[in-house]
Peer 1: 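Have a look at this one before I ask anything.
Along the sequence shown, the residues carry numbers beginning at 1.
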Amino acid sequence: QNLTLKGEHINMTNEEVLPKVQSIIADQLDKKPEEVTLTTNFKNDLDADSLDIFEIINEIEDEFDVKIDTDESIETVADLVNFITEKAEA
């Protein structure tokens, strides 16, 4: 199963996913995209609360056509990017 992005089935790499994830997170949290790196922790570095994270996950699910369960241990941007690319390869 490949990710469906804008109607196209494609395999995505971390390098392709990260810029879009950075943009979504930056928009949601009113940050600059360059403040969002792979090592960025949502709660510790971006002061994101559970509602912020919920809204980010909803946007990510819509953008990348993936389902992220709330029990996934996503604490950093890398966790999120890796989750998306793994789902894309499933």
Peer 1: For the backbone of E59 and the side chain of D62, can you confirm whether one donor and one acceptor N or O come within less than 3.5 Å of each other?
Peer 2: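 Such a contact is absent between D62 side chain and E59 backbone.
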Peer 1: Show the nearest heavy-atom pair for residues T76 and F42, with the distance to one decimal.
Peer 2: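 Between these two residues, the closest heavy atoms are O-CE1, 3.4 Å.
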Peer 1: Which residues pass the salt bridge (Lys or Arg N to Asp or Glu O under 4.0 Å) test with E35, not counting sequence neighbours?
Peer 2: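 For E35, no residue satisfies salt bridge (Lys or Arg N to Asp or Glu O under 4.0 Å) once neighbours in sequence are set aside.
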Peer 1: At their closest point, which heavy atom of K67 faces which heavy atom of F83, and how far apart are they?
Peer 2: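 Result for this residue pair: O-CZ, 3.5 Å.
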Peer 1: Quick one: pull up CD1 in I60 and CD in E63 and give me the separation to the nearest 0.5 Å.
Peer 2: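 Between I60 CD1 and E63 CD, I get 7.5 Å after rounding to 0.5 Å.
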Peer 1: Less than 4.5 Å apart, side chain to side chain, heavy atoms only: is that true for L80 and I68?
Peer 2: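 Yes, at least one pair of side-chain atoms sits under 4.5 Å.
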Peer 1: Only pairs under 3.5 Å count here: list side-chain donor-acceptor contacts from residues 45-53, not counting sequence neighbours, and write none if there are none.
Peer 2:
residue, atom, partner, partner atom, Å
D45, OD2, N41, N, 2.7
D49, OD1, L51, N, 3.1
D49, OD1, D52, N, 2.8
D52, OD2, D49, N, 3.0

Peer 1: Would you check, one step at a time, whether the test side-chain contact (heavy atoms from CB on, under 4.5 Å) holds for V21 with I84?
Peer 2: CA-CA 10 Å; V21 168; I84 293 166; 3.7 Å; yes
Peer 1: Restricting to non-hydrogen atoms, name the atom on I24 and the atom on I56 that form the minimum distance, rounded to 0.1 Å.
Peer 2: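 Reported closest heavy-atom pair: CG2-O, 4.3 Å.
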Peer 1: First locate atom CD of E55, then atom CG of L29, and finally report the distance between them rounded to the nearest 0.5 Å.
Peer 2: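 That separation rounds to 9.0 Å.
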Peer 1: Between atom CG of L18 and atom CG of L38, what is the distance when rounded to the nearest 0.5 Å?
Peer 2: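 Between atom CG of L18 and atom CG of L38 there are 5.0 Å.
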Peer 1: Hey, what do you get for OG1 (T85) to CZ (F64), rounding to the nearest 0.5 Å?
Peer 2: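 CZ of F64 is found 10.0 Å from OG1 of T85.
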Peer 1: For V36, does its backbone N or O pair with a side-chain atom of Q22 as donor and acceptor, under 3.5 Å?
Peer 2: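 Between the backbone of V36 and the side chain of Q22 there is a qualifying donor-acceptor contact (under 3.5 Å).
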Peer 1: Could you check whether E75 pairs with K43 (Lys NZ or Arg NE/NH1/NH2 to Asp/Glu carboxylate O, under 4.0 Å)?
Peer 2: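 Salt bridge between E75 and K43, a charged N being under 4.0 Å from a carboxylate O: no.
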